[in-house]
There are 2 protein chains.
Amino acid sequence: MSTPRPARDRILDAYEELLINEGPRGATLDAVVTRAEVSKGGLLYHFKNKEAMAGALIEKLRELAAADLQTMREDPEGPSRYLVRGSVYVGSDLDRALIGVVRLAQASDPVASDLLKDIHRSWFDLVQQEVGDPVISRAIMLLADGLYYNEGLPGGWPQDHRNDRSRSVPELLEVVDLLKSHAQQTSA
Amino acid sequence: MSTPRPARDRILDAYEELLINEGPRGATLDAVVTRAEVSKGGLLYHFKNKEAMAGALIEKLRELAAADLQTMREDPEGPSRYLVRGSVYVGSDLDRALIGVVRLAQASDPVASDLLKDIHRSWFDLVQQEVGDPVISRAIMLLADGLYYNEGLPGGWPQDHRNDRSRSVPELLEVVDLLKSHAQQTSA
DNA sequence: GTCTATACGGAGATAGAC
DNA sequence: GTCTATCTCCGTATAGAC
């Protein structure tokens, strides 16, 4: 007998999922309500309106991202490799919240955009601390961004399945190492 | 006395612009109609419905992309550098159509996704012909993708204005050259 | 804490006048 | 070829019952 998942959590998960798969347009209250198996009134008890629901998702991402940043700082492989590794969508809580909020940002939600900006900047700062050279750091960031968009966003680009995700990551990590070592040579 | 721009063109331009700036959600018939300065009936004379309007934009992109691919093939700097150069949004016809269609794909339009897939694959094929190594080719593609998303999509990621676009491109082209030269060493 | 009923507006689309 | 008028549906939100 597992306790049924609280309605509030079911609602937020459903909203997140719909944002990812259908986009902001598809993430209507009706759709959320159906997916979460609550009534419209039930939803609106937990979240005053749609904006409040988006706000809750954004807050959730803020917390998950802060925790992840700490992990990134402490990762023995270093921030660059951690970042690229983490830029393939595997459906973790962080992945889902992140892509959901990206969708909101794409729909011109300024709070969502601001948070993403913060997160992205934190990543960049860590990478640059490790790598030194800002141009190489930027190239690594772009590589990770491309990866995220390529594979994580349904319809963002083609998900080109010739390149099997799991196989291609170690190869990309070698490219990252190549770039890092070049940055060291330059600074020396 | 310049002849007024035909209504059909004005409509398509307005739709494109709204897709880019407001997303599919904001690109309503009402909004298009206002921006293009036609009536709703006028719009629906030229395009039977919203889907037809999207279809026209997709066709427009198909033609622009085909022409661009030819240019890419013939560019003396080679496909890789051409691609990265072209991956900063400068508001060309191709840029605008491309981002517009990306938005449609994000809203789960399968025709839009398919076309983007084709375009992306064509780019990859040219890059790989030039570079040889598939992993390096992929890294270059990802770099270009990241660039496009970073700078081209309002809200996609942060547009981090610390990195001035125009200044950063030549630096990134050097990274591309670095990757290319590494691919040659590997194959030798 | 969750439900039903309902008001309200916005968006897509049709019919037909000019 | 472009306009106005109008219909319908869907999505958000409120009120109030259980």
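Reminder, nothing fancy here: chain letters follow the sequence lines and each chain counts from 1.
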*asked:* How many whole angstroms separate atom NZ of B:Lys48 from atom P of C:dA13?
replied: 8 Å
*So which one's nearest nucleotide on DNA chain D is more toward 5', A:Asp30 or A:Leu44?*
A:Asp30
*Quick one: which of C:dC3, D:dT2, D:dA13 gets closest to the side chain of A:Leu29?*
D:dA13
*What integer distance in Å separates A:Asp9:CG from C:dG1:P?*
13 Å
*Between A:Asp95 and A:Tyr148, do the side chains contain an N or O donor and an N or O acceptor separated by less than 3.5 Å?*
yes
*asked:* Hydrophobic cluster membership, with links at side-chain heavy-atom distances under 4.5 Å among I/L/V/M/F/W/Y: are A:Tyr45 and A:Ile11 in one?
replied: no
_Polar pair under 3.5 Å, donor/acceptor by atom type, side chain B:Lys40, base C:dG12_ = yes
_Expressed as a whole number of angstroms, how long is the span from B:Arg25:CZ to C:dA11:P?_
9 Å
*Write down the distance between CZ (B:Arg8) and C1' (D:dT2), rounded to a whole number of angstrom.*
16 Å
*Nearest listed nucleotide, side chain of B:Ala7, among D:dT2, C:dA13, D:dG11*: D:dT2
_B:Lys180/B:Glu130 ion pair, N-O < 4.0 Å_ = yes
*Let me know the distance between CZ of A:Phe47 and C1' of D:dT14, rounded to the nearest Å.*
19 Å
*Candidate nucleotides D:dT2, D:dG11, C:dC3, ranked by approach to the side chain of A:Ser39 - the nearest*: C:dC3
*What pairs with B:Asp68 under side-chain hydrogen bond (donor to acceptor under 3.5 Å, both in side chains), at least two apart in sequence or on another chain?*
B:Tyr82
*Rounded to whole angstrom units, what separation is found between the CE atom of B:Met53 and the P atom of C:dA11?*
13 Å
_Phosphate contact (C:dT2 OP1 or OP2) by A:Tyr45 side-chain N/O below 4.0 Å_ = no
*Mind calculating the distance between CD1 (A:Ile11) and P (C:dG1) to the nearest angstrom?*
12 Å
*Nearest whole angstrom, please: distance from the C1' of C:dT4 to the CG of A:Leu43.*
15 Å
*Can you check salt bridge (Lys or Arg N to Asp or Glu O under 4.0 Å) on B:Arg96 and B:Glu17, steps first, answer last?*
CA-CA 7 Å; B:Arg96 304 213 328 279; B:Glu17 205 63 26; 3.4 Å; yes
